[in-house]
Amino acid sequence: MPELPEVETVRRALALELGELRVLAVGGRSTALRRPLVVERLAAVLPGRRFAAARRRGKFLLLDLEPPGTLLCHLGMSGRLTLDAVSAPLLPHTHLVLRLEDGRELRFVDPRRFGLLDWLEPGAEAADPSLARLGPEPLDPAIGRWLPPRLKARRAPLKALLLDQHLVAGVGNIYAAEALWRAGVRPDREGRRTALPRLERLALEVRSVLEEAVAEGGTTIRDYAAPSGNFGSFAVRLEVYGRQGEPCRRCGAELRADVLGGRTTAWCPHCQR
DNA sequence: CCAGTATCCTGCAGGC
DNA sequence: TGCCTGCAGGATACTG
């Protein structure tokens, strides 16, 4: 669900809202998330610690605390972090509740349970199985130099390659489709059969679509919301995602949808070549 | 190593 | 109205 811009939006909101607040208590119920969520483990380390910084790596959120340690978080498809008054009713599928010293609670809600929460001791980050193999950040201004050769080395469809977090970290189904449309490149084209200048163009479009979405607070389609309850406004600027059957805004041709790398991809058969 | 598929889970829209 | 099916913004284990 949330891709890089949505996670970045959450990160910024949390950095602002959490400040250096102390965690007073930990609640919730252990459950099977992507990694097992063991509430007792978090209850043993979090109380007494203060939030110190909120970082993002790809679609992962890293909340640093003091004394040092990091709460690793991934929102999966349906995960949300919310800040609520203690008195606010608990939503169904609330897995973790952190009671804060200002009277509010940081809550993790995730109906589909594809997300994850984990505690990382200082130094454990480099060895974390999810973080260790992540590709570079797509907001890097140098993306035009390192992404094209990586794509060129593979024969899978470009759409599938953009979703591979080991090649570039943070692109998901929405922005992959949008970047391909902006670059005028067919999503089913093989990496190795695409000319380098076109791959460079694609890399730059990946960066710019993500940057624009970050500036708008992300895309809200179904159940994504920032902790404050605000919604991103990028949805109105989507050119292909979810628009199959509708006319291409560039050439008027009917947009179609195909499954690539197991994910539905909308694209324009006329202006994407 | 690479590419493709199956799988985890719930909610919801659409068809009947 | 209810039931059923398929699909959803993700990551990864597995197969060939």
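First the proteins, then the strands, lettered A, B, ... as listed; each starts at 1.
Here the closest non-hydrogen pair linking A:Leu4 and A:Arg56 is CD1-NH1, 3.3 Å.
Rounded to an integer number of Å, the gap from A:Arg35 CZ to C:dA11 C1' is 11 Å. Atom CG in A:Leu163 sits roughly 9 Å away from atom P in C:dG9 (whole-Å rounding). In this structure, the CG atom of A:Asp164 is 10 Å from the P atom of C:dT12, given to the nearest Å. Separating the CZ atom of A:Arg113 from the P atom of B:dT10 is a distance of 5 Å, rounded to the nearest angstrom. If you take CD of A:Glu3 and C1' of C:dA8, they are 12 Å apart, rounded to a whole angstrom. One atom, CZ of A:Arg263, and another, P of B:dT5, lie 14 Å apart when rounded to the nearest Å. The nearest whole Å value for the distance from the CG atom in A:Leu167 to the P atom in B:dC1 is 14 Å. The distance from atom CG of A:Leu75 to atom C1' of C:dG9 is 11 Å, rounded to the nearest whole Å.
The nucleotide whose nearest atom lies closest to any side-chain atom of A:Arg155 is, among C:dA11, C:dG9, B:dA3, B:dA3. Taking every side-chain heavy atom of A:Arg112 into account, C:dA8 is the closest of C:dA8, B:dC8, C:dG9. Checked against B:dC2, C:dT12, B:dC9, the side chain of A:Ser130 finds its nearest nucleotide in C:dT12. Distance from the side chain of A:Thr264 is smallest to C:dA8 among C:dA8, B:dC2, B:dC8. Between B:dA3, C:dA11, C:dG9, one nucleotide has an atom nearer to the side chain of A:Arg154 than all others, and that is B:dA3. In the set C:dA8, C:dA11, B:dA3, C:dA11 carries the atom at the smallest distance from any side-chain atom of A:His74. Listed nucleotides B:dA3, C:dG10, B:dT10 differ in distance to A:His93; the shortest reach to its side chain belongs to B:dT10. Between B:dG4, C:dA11, B:dC9, one nucleotide has an atom nearer to the side chain of A:Lys59 than all others, and that is C:dA11.
Residue A:Asn173 is the one, among A:Asn173 and A:Pro129, whose nearest nucleotide of DNA chain C lies closer to the 5' end (criterion: closest heavy atom). Checking A:Gln244 against A:His166, the closest nucleotide of DNA chain C that is more toward the 5' end is the one next to A:Gln244.
Figure legend. B:dC8 is base-paired to C:dG10; pairs are counted as Watson-Crick or G-U wobble with both atom distances under 3.5 Å.
Looking only at atom types and distance, the side chain of A:Thr219 has no donor-acceptor partner in the side chain of A:Tyr241 under 3.5 Å away. Under the 3.5 Å distance criterion, with hydrogens and angles disregarded, a donor-acceptor pair is assigned to the side chains of A:Trp146 and A:Asp140.
Checking the phosphate oxygens (OP1, OP2) of C:dG9, a side-chain nitrogen or oxygen of A:Tyr241 falls inside 4.0 Å.
At a threshold of 4.0 angstrom between heavy atoms, the contacts of A:Gly262 with the nucleic acid are absent.
The hydrophobic cluster containing A:Leu134 does not contain A:Val7, counting ILVMFWY residues as joined when their side-chain heavy atoms lie under 4.5 angstrom apart, directly or transitively.
Relative to the ring axis of A:Trp181, A:Arg250 places its NZ or CZ within 45° and under 6.0 Å from the centre.
Comparing the same atom, P, in C:dC3 and in B:dC9 gives a spacing of 23 Å after rounding to whole Å.
Between A:Asp118 and A:Arg41 there is no salt bridge, since no side-chain N of the basic residue sits under 4.0 Å from a carboxylate O of the acidic one.
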